[in-house]
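Everything on this sheet refers to the single structure shown next.
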Amino acid sequence: PGPNNGTVPTPLTNYLDTQYFGEISIGSPPQMFNVVFDTGSANLWVPSQSCSPFSTACFTHNRYDSSQSHTHVENGTGFSINYASGTIRGFLSEDVVVVGGLPVVQVFAEATSLSAMPFIFAKFDGVLGMGYPSVAIDGITPVFDRIMSQHVLKEEVFSIYYSRDPKHSPGGELLLGGTDPNYYTGNFNYLETREMGKWEVTIKGVSLGAKMMFCEEGCTAVIDTGSSYITGPASSVSMLMETIGAQLDETGYKVNCETVKMLPSVTFLLGGQEYALTHEDYIIWQSQIEEDVCIVSFRDLDVPPPTGPVWILGANFIARYYTEFDRRNNRIGFATAV
Ligand SMILES: CCc1nc(N)nc(N)c1-c1ccc2c(c1)N(CCCOC)[C@H](c1ccccc1)CC2
């Protein structure tokens, strides 16, 4: 194990509690990129120098220039990936990728087209998928698997801290190889991943205040560091939002800021443990000139079968519950974040 006794930290930036990303380098000499470490996908991509100049989302971000890297290896296979919010197309290349000081030779995608919506809102350049190899496009070995095969990590786990205060420094931390006691209190509760090869767990109930609302018969939740919000089947989320008096407009659900203090907690029952989100956790309070706006960080999202129907527990859940992703034991651990 190296200088950090087998654990490797990467500080993250928190943009408005909705985007969290950290810096990696690709190529020799190193080209720097900000990426989201995303448990909802398993591929690495960054914008390409050869992306079309008309792709707004491309030229407003850092771009990888293979001609400037003497460790670049040509590949050229086509690539495309879809997220709940946006599509990327490009081609494969291979080069040295450095995460937290750890170098790996990695096959990744150079994105030549990024769907303008919503990548023009992305404060990050690319995405580093932390999902299982089974969900990797083109069967590419993911970065974390390449790092595990170097046997430099104390444990075959990684942990994510997302701060809840944009002024807090750091805005978050990815820790490879362990958990960081600076960012959680109490003990971890562990849940087996529902299906081998996905960061998914079983929800045994979703309640609003003391009232059980859904999922008593069990439903699936993806623990997704790449999503900003919590999403659920439209029928469930719209009922939840109606019950708290939230109005849906083009940018999502909003509540009258005067009612925020009285809003009930939304509780997810995972592995016999209750995970409550208070209004502090699920309302994004935006102070504006004329009047404050209170956005509810829940969204309708009907993911089609076979993946869906599914709840996605994103950044606002992870900000409340420090999360350990354990590849050795195929389980996810939650502890109360500081
Ligand atoms: C990280 C990749 C990814 N991975 C997974 N599994 N799910 C999704 N949804 C994404 C994804 C794709 C695109 C964008 C995104 C997220 N954004 C959210 C960052 C979340 O950072 C934690 C931002 C955004 C701003 C405005 C409205 C919607 C989205 C920029 C655009």
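In this chain, residues are counted from 1 in sequence order. One-based numbering, in listed order, for ligands and for the atoms of each.
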**OP:** Compile the protein residues with any heavy atom at a distance under 4.0 Å from an atom of ligand 1; present them by chain, then by number.
**Re:**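 Residue list for ligand 1: T18, Q19, Y20, V36, D38, G40, Y83, S85, P118, F119, F121, A122, F124, V127, Y162, D224, T225, G226, S227, S228.
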**OP:** Look at the side chain of Q19 and the backbone N and O of K123, then say whether any donor-acceptor pair between them is shorter than 3.5 Å.
**Re:**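 Answer holds: yes.
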**OP:** Would you please say whether a donor-acceptor pair under 3.5 Å links the side chains of Y190 and N329?
**Re:**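 Checked: Y190/N329 side chains show no N/O donor-acceptor pair below 3.5 Å.
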Original post:
Strictly by modelled atom types, are Y132 and N330 linked by a side-chain donor-acceptor pair under 3.5 Å?
Top reply: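 Indeed, the side chains of Y132 and N330 share at least one donor-acceptor pair under 3.5 Å.
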**OP:** Kindly determine whether Y20 and Y15 satisfy ring pair (Phe, Tyr, Trp, His ring centres under 6.0 Å), including the steps that lead there.
**Re:** CA-CA 6 Å; Y20 294 83; Y15 173 71; 9.8 Å; no
**OP:** Could you tell me whether K254 and D249 have a side-chain N and a carboxylate O separated by less than 4.0 Å?
**Re:**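 Salt bridge flag = yes for D249 with K254.
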Taking only distance into account, with no hydrogens and no angle test, what donor-acceptor pairs under 3.5 Å do side-chain atoms of residues 307-316 form with protein atoms, sequence neighbours excluded?
from : atom 1 : to   : atom 2 : distance (Å)
N316 : ND2    : S297 : O      : 3.1
N316 : ND2    : S297 : OG     : 2.5

